[in-house]
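First the structure, in the form of C-alpha cells, and then the observations on it.
Every number for a ligand or one of its atoms is a count from 1 in the order of the listing.
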Amino acid sequence: MSQQEQWRSKIGFVLAAAGSAIGLGAIWKFPYVAGTGGGGAFLLLFLVFTLVLGMPLLLGEFMIGRKSQSDPTQAYGKLASNKKWNFIGKIGVFTSFILLSFYSVVGGWILLYIVQILSGGLSGLTQDQYGELFGEMISNPYSTVAAQLAFMLITIFVVSKGIQKGIELASKVMMPALLVLFLIIVIRSLSLDGALEGVKFLLVPDFSKLTSESILFALGQAFFTLSLGVSVMLTYASYLPKTQNLPQSAISIIILNIVIALLAGLAIFPGVFSFGIEPNAGPVLIFSVLPAVFEHMPFGMLFFLAFLLLFLFAAFTSAFSMIEIIVAAVTKNDSSKRKKSTWFIGISIFIVGVPSCLSYGVLADVQLFNKTIFDLMDFAVSNILMPLGALLIAIFVSRIISKEELFAELKQGSNVGYVFFSFCYFLLKYVVPIAIIVVFLDAAGLSAWILTFF
Ligand code: PFF
C-alpha cells in the first residue's frame, strides 16, 4: 500500500473542510428554511445548535480521523480494536453516495441557470415569471440530466487528481473568492430601499414565530451544513499530521460556515423585503427571487452571474468531499487506484441520480409516501441517515474510546484545556444523543404526538 496522502498546509485543510461544510446547505437551504421557520429566532437556534451540538461532533470526527489515519470503513474498527464498529463508516459511505446522487441534480440546476444568463435568456422578467421559467427549466429531462452529468464530470475530474492537487488547491482559490463576492453582493443588497426590514427579519428574533417543526429544522440544518454524521470530516482529518490544531480548525470552520450563512441571509432578505416578496417562498427562493432582486439593480445580471458562480463553487467543494470519502473507502489510500475508482464511483452516482433529476419532470408522478424520488432521497439522507450517523459517532467517541485517549489526541498540536475538552465530552455523551433522538421522533412523525403530553 502506498503512503497515505497528506494535506500540504494547515490552512489547506481548514479551507477544504470549510468547503465541504459550505454549500447548498448554507447558501440555498439556510435562507429558505430561515424564511419559513421564523427569521431571527431560527437563526439564533441554528447558532446554538451549531455551537452546542455541531462543535463537539466536528471535533469528534476530527479526533477519530486523525488518530486512526484510516478511511471511514477501517477507522472505527482500528480504534475500538473490533472491526464490527466499522459499520458506522460504511453507513457514511452509503449516505454520501445517495447524497451526491441528488446534490448533483441541484448542482446541475445552477449550471443551467448560468447558461441561461450567458445566452441572454434571463432578464426583464417579473418574479413570478422567473419562478415559472425555473419550473420549466428543471422539468426538461434532457438539459437537466446533461447538466447533472456535467456537474459530476467536473467533480470526478478534480477529485481524481488527489487531495493535494485537486481539492486543496481548488478550495484555496474558491473559498476566499466566495467570501469577497458575497460581501460585494451584500453591500448591493443593503443599499436597496427598505433593506432594513430584511435585516431586522433575519437578525431580530421573534420567538412567537417558532414552531416545534422549525426547531427541528434548525437542528437538521446545523448537521447538514457542517457535513456531520457521514464521516466526511473524519476522512479529511485522516490526511492530517499530528501538528494540526484541531480545536482551532473546528472553530475556524464553524465561524466561516456561520459567516457564509449570515451573508446568504443578508444578501437575500433585504431584497425580499424591499420588493415585497414573501420570505417563505421555499426552495425556489434563490432561483426565483434573486434574479428579480438583481433585476432592479444596475449591472444586476452581472451580479447574479457572480452570485451563481460562487454558489456553484460552494456546491463543488461540498461534492468533492462526498465523493472523496467513497474513493478513500474503495482505494484504502492506495493512490495508484484513485483515478479509475473516482471515475467508476462518479459515473455510478450519476446513474443512480438520474431518477431524482427526472422527478421534477417526466417522473413527477412516481411517488412513494407522497414524496417524489428526489424528496425521498433527501428525506432518507437528511432525516434518517445523517442523524443516525451523527448519533452513532457521538456514542462511539464518548463511550467506546477512553476519555484519556481522546484528550491525548486533542492535545497534540494544540494547548486545549481540560475544562473545554470535558465540556465537549459531556455534550457528546448526553446532549447530542438526546437532541438527535428528538429529530428521529420527528422524522417518524412522533414528536407532535409526544408534545401533546406537555
Ligand atoms: N455541508 C454541505 C452543504 O451544506 O451543502 C452538505 C454536505 C456535504 C453534507 C458533505 C454532508 C456531507 F457529508
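In this structure, a donor-acceptor pair under 3.5 Å is absent between the side chains of Q148 and Y103. Looking at S70 and K78, their side chains do bring a donor and an acceptor atom within 3.5 Å of each other.
No salt bridge links E61 with R66; every basic N to acidic carboxylate O contact stays at or beyond 4.0 Å.
Here I156 contributes atom CD1 and W343 contributes atom CH2; the two are 5.0 Å apart, rounded to the nearest 0.5 Å.
Aromatic ring orientation, F42 versus F30: tilted (interplanar angle from 30° to 60°). Relative ring orientation between Y430 and F426 is described as tilted, the plane-to-plane angle lying within the 30° to 60° band. Note on ring orientation: taking the six-membered ring where Trp is involved, the planes of F316 and F320 are parallel (angle under 30°, cut-offs 30° and 60°). Ring geometry for F134 against F287 counts as parallel: the plane angle stays under 30°, on a 0 to 90° scale with 60° as the upper cut.
The heavy atom nearest to atom 3 (C) of ligand 1, out of those in A21, A26, S231, is found in A21.
In the vicinity of V232, heavy-atom distances shorter than 4.0 Å reach the ligand 1 atoms 13 (F). For ligand 1, the atoms sitting less than 4.0 Å from at least one non-hydrogen atom of G23 are 3 (C), 4 (O), 5 (O), numbered in the order shown with element in parentheses. Taking every non-hydrogen atom of G25 and a distance limit under 4.0 Å, the qualifying atoms of ligand 1 come out as 3 (C), 4 (O), 5 (O). The ligand atoms of ligand 1 that sit less than 4.0 angstrom from a heavy atom of L99 are 9 (C), 11 (C), 12 (C).
Looking at ligand 1, you won't find any N or O of S321 less than 3.5 Å from one of its N or O atoms. Taking only nitrogen or oxygen atoms, main chain and side chain alike, L24 reaches within less than 3.5 Å of ligand 1. Residue T225 places at least one N or O, backbone or side chain, under 3.5 Å from an N or O of ligand 1. Residue V230 has no N or O atom closer than 3.5 Å to an N or O atom of ligand 1.
Here Y103 has side-chain heavy atoms under 4.0 Å from ligand 1, and that is the only part of it that gets that close. Using a 4.0 Å cut-off between heavy atoms, I325 makes no contact with ligand 1 at all.
A side chain to side chain contact (heavy atoms under 4.5 Å, CB included) with F374 is found for one member of P355, C357, S356, S101 and no other, namely S356.
Among all protein heavy atoms, the one lying closest to atom 7 (C) of ligand 1 is S227 OG, 3.6 Å.
Heavy atoms of S20 come nearer than 4.0 angstrom to ligand 1 in at least one pair. Note on ligand 1: K29 sits outside its first shell, no heavy atom being nearer than 4.0 Å.
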